Amino acid sequence: MKEPITKADITAAILLDDDTLVLFGAIDRALPAQGAVHLDGSVEGRYAGRSWADAEGERWFLGGIRVPGLAQMRPSRVELADEKGERLVLPRLSNVRTNPSHLVSALKGFQPGALALALDFAIQLAASSKEGADNESDRIGRLLSGLAQEVSQPDGFAEVFGRFRDGSLMLQGWARSFRNGAQKILIEAEETAAYRATAGAFARPDLPPEASGVMAVLTDQTPLPTSIRRIHYRAAEGWRHLEIFEHRTILPDGVASAHVRDMLGNIQDAETRQRMTRIAASRYDGAETVSRLDIPVRTGLDMALRVPGAGLFVAGWLLDPTRQVRAVTLKGPGVAVRLDEGWSRLARRDVTEAFQHDGLFAGRMIPGQDQHGFTAFAAEPSGLPPGAEFHLELELADDRFAFLPLSCLPPAPEALRRMLSLVNLDSPSIDTLIARHVGPMLRTARARSGVAPSAGVHPMGRPVKAPRVSVILPVTDAREDVDLNIARLAIDPDFAETELLVVAAAGTHERLGGAVRQAAAFYRMAVTFVAAPDATDAFEAMAAALPHARGERVLTLSPSVLPTEKGWLSALERVSRKSGGPVMVSPTLLYEDHSIRFAGIMAVEGTDGTKTFERRFAGYPRDWLKEQDAATVDAAAPECALLPKDALIRALATMGSYMGADHKGLDLCLRLRALGGACVWLPRVTLVALDEQPRDAHADRWRRAGSMVDRWSFEDIWSARAAA
């Protein structure tokens with residue numbers, strides 16, 4: 001199809017933000033109201049337009065072009081395509097400006113009669129730009145302000161202001177031509193912007209016959225009353241505005257809702273009165289109102305946890321046997337999330353039993369139907385203050401609302417574990433739940449608390465001036481028999497000039513320090529006891545000990561790993577020196593029956609391109625191993641590994657956030673390799689790694705959930721790195 005040749009004279013081209021361009025000028029044909037825009041035949045976006053003919057019959061247009069990253073482009077060809085696919089080619093753009101006053105001046109000079117139409121168009125453009133833009137620009141506000149000042153005429157005064165807890169506003173005053181019902185009004189303050197509002201007129205005997213009282217309730221967060229200069233609105237005969245009365249009244253906090261309810265009976269239009277009644281009923285004033293309901297609806301909370309910048313977790317119950325509740329919404333500053341559309345329901349027999357003799361509920365509950373419990377998540381936008389308040393809103397069948405304030409716990413470790421214990425692991429949507437909510441929340445919480453655990457340091461035994469190697473022995477359970485580990489090392493000449501850092505992490509026995517002191521003195525070993533009660537696993541314990549390690553190389557050694565021969569440290573050192581780089585060297589680890597526990601971890605690529613990491617020969621007899629020489633592997637065993645201290649510090653500093661330790665070892669190895677290092681397995685050196693008490697003996701539920709989250713986190717982190 002042949003493209004029509006368009007004759008157009010672009011009088012003004014204004015870049016409103018990084019993605020939005022406004023054009024004004026003369027054109028030889030009608031401009032479609034909306035369609036697609038093509039830049040240089042490849043880059044695509046959307047446009048909206050308005051065109052009109054003036055008194056002389058000349059046709060003019062306003063067009064808004066929206067293309068992501070438009071500010072960085074210099075298109076030589078701009079094509080507009082309507083719904084039928086017909087294209088109009090505009091002249092090459094030149095002299096694109098960023099000051100909106102140039103557009104206002106051009107309209108005023110060439111088409112002053114179109115200023116009101118331009119303001120209508122700018123409000124529509126601002127709404128669509130705000131929905132899709134990643135950046136904010138004050139130029140849109142300056143354009144709205146400039147156009148309003150040109151076309152808006154005085155019409156009355158705003159005399160009373162009240163602010164709701166959600167940040168929106170009610171205003172009251174008088175006007176001659178304020179329309180009833182839902183509309184958009186323009187508030188001119190430090191920044192000028194359009195807001196949704198519902199307004200209603202009422203009679204006032206102190207006004208001229210052509211004027212009436214007016215009350216408007218806004219449904220968006222609005223500027224403070226003290227900063228508002230004018231309030232503009234679209235009347236039947238054009239744009240009008242309310243001036244701000246010099247002696248205006250600003251209602252005290254918490255009064256706005258009651259004031260609106262008191263005024264509702266005065267609103268003359270029935271439909272508007274009904275709409276405003278609903279809006280007023282939905283305004284939360286900080287009080288719990290569910291318990292006051294005269295219908296069989298009650299709700300309660302077991303837990304509300306918030307991770308600022310990530311979201312909220314809410315667990316509780318809702319008893320609603322007669323289906324009175326239409327929606328359950330979590331609300332707060334900038335947050336309004338329907339919980340009942342995606343929550344997990346749980347059986348709560350205790351709730352049924354608690355209310356079965358209550359007069360409101362007796363005879364209304366069906367035996368066996370106990371699915372009253374729920375767990376739900378809600379994301380929150382970034383930038384909310386730490387002390388932001390949230391509440392649950394229950395929308396009821398009779399257009400009433402009830403509210404329940406949330407007292408949110410901070411994301412302390414114990415609260416996070418409790419949250420995980422409440423997550424329904426059997427939900428069919430558990431994978432989606434972890435990817436969208438649980439994982440990001442825990443990652444954010446752990447990242448913010450990712451400070452190396454504090455440590456108390458206590459030197460013991462025989463001092464060593466320049467340790468050959470710093471051995472870190474992290475103790476993360478209630479064992480007291482660390483003297484066995486010290487004894488095994490003391491009889492090996494390799495450890496005569498090493499230092500041993502025994503780290504007492506969370507959950508260690510109170511007698512551990514005394515046992516270590518006695519063993520250090522008896523075996524004349526250089527031992528430093530590091531008290532790190534905030535460390536929750538071996539890796540956090542290592543991080544707490546590293547600042548106190550004096551050797552250039554570090555041996556990480558689990559208390560469950562025991563030597564079977566002497567001289568094995570020297571063998572690991574020789575491999576480390578030969579490698580000439582940051583290398584993590586591990587020996588072969590055997591179970592107590594001498595079957596293989598660790599013989600290198602290798603990545604295996606599946607048919608779908610994803611990688612899994614497998615321990616080679618795990619469970620096989622030791623005789624299966626034929627290798628003797630050191631070999632490069634994809635991951636070493638942090639339970640027993642020798643590596644440079646600075647490499648371990650750097651790898652731990654960038655480690656991903658995990659609830660447990662299962663994925664941390666593999667994460668550590670991959671980060672070491674990403675830093676230019678390598679992992680090496682030395683087959684001929686063997687140690688025994690004893691079985692420990694099962695980790696899931698206690699708190700099984702939260703550990704299972706944490707393990708699922710950690711698996712998601714690991715795959716998410718490393719798939720993103722692979723894609724990059």
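Here, residue 1 is the first one in the sequence, and each next residue gets the next number. Only this structure's heavy atoms are used, side chains among them; waters, hydrogens and symmetry mates stay out. Keep in mind the model is a prediction, meaning the values are calculated, not measured.
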_If you define the side chain from C-beta out and look only at heavy atoms, does anything of L682 sit under 4.5 Å from L572?_
yes
*Is it true that a side-chain atom of S586 and a backbone atom of W681 form a donor plus acceptor pair closer than 3.5 Å?*
no
*Would you call the rings of F529 and H458 parallel, tilted or perpendicular if under 30° counts as parallel and over 60° as perpendicular?*
tilted
*May I ask you to test the S470-H548 pair for a side-chain heavy-atom distance under 4.5 Å?*
no
*Minimum heavy-atom distance between P386 and R306, given as atom pair plus value*: O-NH1, 2.9 Å
*Taking NZ, NE, NH1 and NH2 as the nitrogens, is one of them in K664 or D710 under 4.0 Å from a carboxylate oxygen of the other?*
no
*Does CD belonging to E389 count more than 12 external heavy atoms closer than 6.0 Å?*
no
*Return the minimal non-hydrogen interatomic distance between P410 and A415, and the atom names on each side.*
O-CB, 3.6 Å
*Taking atom CD of E552 as the centre, report whether more than 12 heavy atoms of other residues, nucleotides or ligands fall under 6.0 Å from it.*
no
*Kindly check if the number of other-residue, nucleotide or ligand heavy atoms within 6.0 Å of CZ (R462) is above 12?*
yes
_Distance-only donor-acceptor check, side chains S560 and R479, under 3.5 Å_ = yes
*To the nearest 0.5 angstrom, please state how far the CG atom of L406 sits from the CE atom of M303.*
12.5 Å
*Counting only heavy atoms not in D629, do more than 12 fall under 6.0 Å of its CG?*
no
_I717 and Y658, any side-chain heavy atoms less than 4.5 Å apart_ = yes
*asked:* Could you walk me through whether V554 and M542 satisfy the side-chain contact (heavy atoms from CB on, under 4.5 Å) test, starting with their C-alpha distance in whole Å, then the side-chain angles of each, then the deciding distance to 0.1 Å, before giving a yes or no?
replied: CA-CA 10 Å; V554 171; M542 291 177 200; over 6 Å; no
*Where is the tightest heavy-atom contact between Y591 and G619, given as atom of each residue plus distance?*
CE1-N, 4.4 Å
*Minimum heavy-atom separation for T476 to A538, with atom names?*
CG2-N, 3.6 Å
*asked:* How long is the straight-line distance from CZ of R417 back to CG of L422, given to the nearest 0.5 Å?
replied: 13.5 Å
_I want to check something: taking the side chain as every heavy atom from C-beta on, are V438 and L420 in contact at a cut-off of under 4.5 Å?_
yes
*Measure from the side-chain N and O atoms of E380 to the backbone N and O of G309, and report whether any donor-acceptor pair falls under 3.5 Å.*
yes
*So, N485 side chain and L562 main chain: donor-acceptor pair closer than 3.5 Å or not?*
no
_Ignoring hydrogens, what is the shortest heavy-atom contact between P381 and V335? Give both atom names and the distance._
CD-CG2, 3.6 Å
*Do other residues, nucleotides or ligands put more than 12 heavy atoms under 6.0 Å from R517 CZ?*
no
*asked:* Given 3.5 Å as the limit, does a donor-acceptor pair link the side chain of R622 with the main chain of L590, or not?
replied: no
_Interatomic distance, L425 atom CG to M708 atom CE [nearest 0.5 angstrom]_ = 5.5 Å
*Between the main-chain N or O of R550 and the side-chain N or O of E499, is there a donor-acceptor pair closer than 3.5 Å?*
yes
_Exam field: side chain R553 to backbone V469, donor-acceptor pair closer than 3.5 Å_ = no
*Could you check H437 against V423 for side-chain contact (heavy atoms from CB on, under 4.5 Å), going step by step and ending with a plain yes or no?*
CA-CA 11 Å; H437 297 292; V423 172; over 6 Å; no
*asked:* Over 60° means perpendicular and under 30° means parallel, so tell me whether H663 and F714 are parallel, tilted or perpendicular.
replied: tilted
_Worked verdict on D494 versus K566 for side-chain contact (heavy atoms from CB on, under 4.5 Å)_ = CA-CA 8 Å; D494 271 5; K566 299 177 183 179; over 6 Å; no
*State whether the side chain of S707 and the backbone N or O of R703 hold a donor-acceptor pair below 3.5 Å, judged by distance alone.*
no
*Hey, what do you get for CZ (F617) to CD1 (I596), rounding to the nearest 0.5 Å?*
6.5 Å
*asked:* So that I can tick it off, tell me whether R577 and E573 are bridged by a salt bridge, with the cut-off set at under 4.0 angstrom between side-chain N and carboxylate O.
replied: yes
*Do R443 and D716 have side chains that get closer than 4.5 Å, going by heavy atoms?*
yes
*If you take all heavy atoms of A541 and A535, which pair is closest and at what distance?*
N-CB, 3.7 Å
*Is the backbone of Q371 close enough, under 3.5 Å, to the side chain of R345 for a donor and an acceptor to pair up by distance?*
yes
*Is the CD atom of E510 crowded by more than 12 outside heavy atoms at less than 6.0 Å?*
no
*Worked check of side chain to side chain donor-acceptor pair (under 3.5 Å) between S570 and R468*: CA-CA 11 Å; S570 295; R468 168 183 170 186; 2.9 Å; yes
*Does the side chain of L301 reach to within under 4.5 Å of the side chain of L404, using non-hydrogen atoms?*
yes
*State, yes or no, whether a side-chain contact exists between F598 and C640 at a heavy-atom distance under 4.5 Å.*
no
*Would you give the length of the straight line joining atom CE of M441 to atom CZ of F313, rounded to the nearest 0.5 angstrom?*
8.0 Å
*Going through the checks in order, is the side-chain contact (heavy atoms from CB on, under 4.5 Å) test met by F613 and L670?*
CA-CA 11 Å; F613 292 86; L670 294 178; 4.1 Å; yes
_Check this for me: R436, atom CZ, are more than 12 non-hydrogen atoms of other residues, nucleotides or ligands nearer than 6.0 Å?_
no
_Would the distance check show the side chain of R349 and the main-chain N or O of D370 forming a donor-acceptor pair, the cut-off being under 3.5 Å?_
no
_Polar contact flag, side-chain donor to acceptor under 3.5 angstrom, W712-D431_ = no
*asked:* Do L557 and L473 have side chains that approach each other closer than 4.5 Å (heavy atoms only, starting at C-beta)?
replied: yes
*Report the residue from T299, T352, D320, D350 that forms a side-chain hydrogen bond (donor to acceptor under 3.5 Å, both in side chains) with H372.*
T352
*CD of E639 to CG of L687: how many Å apart, nearest 0.5 Å?*
11.5 Å
*State whether the side chain of R488 and the backbone N or O of P563 hold a donor-acceptor pair below 3.5 Å, judged by distance alone.*
yes
